[in-house]
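Scroll down for the structure; my scribbles are underneath it.
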Amino acid sequence: MRFFAAAAKGTEGALRDELRELGLQKIQADRGGVHFEGPLGDGVRACYESRIAVRVQTPLATFEAPTGDALYEGVRSVDWSPWLTERHTLAISASCRSGALTHTQFIAQRSKDAIVDQLREKRGHRPSVDLDDPDVRVFVHIVQDRATVYLDLSGAPLYQRGYRVAGVEAPLKETLAAAVLRLSGWDRRSPLVDPMCGSGTFLLEAALWAARVPAGALRERFGFERWACHGDAERAAMARLRREGRERRAPSAPFLMGSDIEERSVEIARESAAIAGVRASWFCRPLSELKPLRQPGWLVTNPPYGHRLALQPGLVAEFSTVARGLAGSTITLLAAGEEWARVFPFRPDREQTLYNGDIPCRLTCTSIRGGR
Ligand SMILES: C[S@@+](CC[C@H](N)C(=O)[O-])C[C@H]1O[C@@H](n2cnc3c(N)ncnc32)[C@H](O)[C@@H]1O
């Protein structure tokens with residue numbers, strides 16, 4: 001089977017490296033994600049283990065779709081019976097670019113008609129639509145009149161890990177935090193701190209990664225577990241995968257510390273850590289009170305940059321002073337805006353653009369040498 005693992009723009013390279021480490025085959029990074037090939041079990045494993053993929057999908061058919069009728073026939077030519085019956089619910093999303101069909105709602109509607117008509121004809125009843133929590137999700141993507149129909153394996157997006165406590169403004173998506181950690185070069189053993197940790201996403205993801213807990217270990221289920229063809233053999237294979245994941249847990253944990261000026265954020269981070277079953281030290285205190293680390297490590301943070309959270313005057317200068325006191329450590333910063341671009345009077349070792357939703361952010365990694 002062919003698969004496409006979708007990811008935030010700018011994180012495709014990190015996802016490619018991660019999928020390679022998972023031992024998946026024929027991996028190729030593309031815009032917005034990574035292609036790979038293998039048996040269904042590889043797609044399942046990507047859903048369960050990837051920290052960076054937001055979704056995993058498999059293409060079921062590709063055909064010319066210059067008209068609504070051609071689209072209808074193309075979608076109807078797929079045998080839908082392995083995936084859903086009249087007892088399943090269905091949702092279809094569509095996207096299109098540079099072709100005759102330009103309305104995503106029309107594309108989704110015609111595709112849905114093709115699927116339900118086929119099943120009604122075969123079984124006498126049709127599945128119903130559930131846009132919020134469907135059993136089966138289908139994506140129809142049309143580029144220059146060429147349609148590809150994808151079946152989703154993930155279900156709810158993969159950043160929904162199962163540990164998140166709601167209530168914090170501007171939390172980072174777990175998948176983006178995992179990509180930033182990988183791009184930071186953190187070795188999973190050295191101390192890691194986030195002095196503006198908000199709900200603690202970096203530290204929670206770091207703790208789970210260091211402990212070798214699969215990203216999906218806390219999720220109750222994935223999309224593929226709701227398919228019609230998911231039977232006893234598939235359930236046993238999934239139970240085995242989960243058991244193997246639990247058995248791989250690392251015995252020791254690195255020093256992880258998060259702090260934030262907002263008390264409620266720190267409480268939420270602590271509660272999430274308890275749900276995730278990981279340990280970190282949490283403090284409610286301003287950035288200025290960050291103590292030098294006992295041994296060099298990594299500081300990874302995503303400060304306010306004036307989009308969803310206001311940037312307080314003086315915060316950039318304060319961060320610069322604090323960070324430059326951490327000689328020997330690496331500072332990884334995910335931020336947008338001119339102020340953060342000039343935080344240090346020297347160039348970062350590495351920098352690249354990553355998208356936080358639709359906001360382009362700069363990811364910079366800077367090692368602090370003595371005397372800076
Ligand atoms: C963009 S949010 C971080 C979100 C976080 N990465 C998460 O996933 O939830 C920035 C955080 O910086 C905190 N902050 C702002 N000024 C601060 C300061 N002077 N000292 C410590 N934390 C501060 C805010 O309270 C906020 O939680």
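Ligands are counted one by one from 1 in listed order, and the atoms in each one are counted from 1 as well. Atom set for the values below is all heavy atoms of this structure, side chains included, hydrogens, waters and symmetry mates excluded.
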Per-pair distances, ligand 1 N/O vs protein N/O, less than 3.5 Å:
from: ligand 1; atom 1: 6 (N); to: N302; atom 2: OD1; distance (Å): 2.8
from: ligand 1; atom 1: 8 (O); to: L172; atom 2: N; distance (Å): 3.0
from: ligand 1; atom 1: 8 (O); to: T201; atom 2: OG1; distance (Å): 2.5
from: ligand 1; atom 1: 9 (O); to: S199; atom 2: N; distance (Å): 2.8
from: ligand 1; atom 1: 9 (O); to: S199; atom 2: OG; distance (Å): 2.6
from: ligand 1; atom 1: 20 (N); to: L287; atom 2: N; distance (Å): 2.9
from: ligand 1; atom 1: 22 (N); to: I261; atom 2: N; distance (Å): 3.3
from: ligand 1; atom 1: 25 (O); to: D260; atom 2: OD1; distance (Å): 2.7
from: ligand 1; atom 1: 27 (O); to: D260; atom 2: OD1; distance (Å): 3.4
from: ligand 1; atom 1: 27 (O); to: D260; atom 2: OD2; distance (Å): 2.7

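Rounding to the nearest 0.5 angstrom, the gap separating the CZ atom in F255 from the OG atom in S190 is 12.5 Å.
Each of T301, T332, N302 was checked for a side-chain hydrogen bond (donor to acceptor under 3.5 Å, both in side chains) with D194, and the lone residue meeting it is T301.
Qualifying salt bridge (Lys or Arg N to Asp or Glu O under 4.0 Å) partners for D187, counting only residues two or more places apart in sequence or in other chains: none. Residues passing the side chain to side chain donor-acceptor pair (under 3.5 Å) test with Y48, sequence neighbours excluded: none. Not counting sequence neighbours, the partners of R235 by the side-chain contact (heavy atoms from CB on, under 4.5 Å) test are H230, D232.
Salt bridge status for D113 with R76: absent, with no side-chain N to carboxylate O gap under 4.0 Å.
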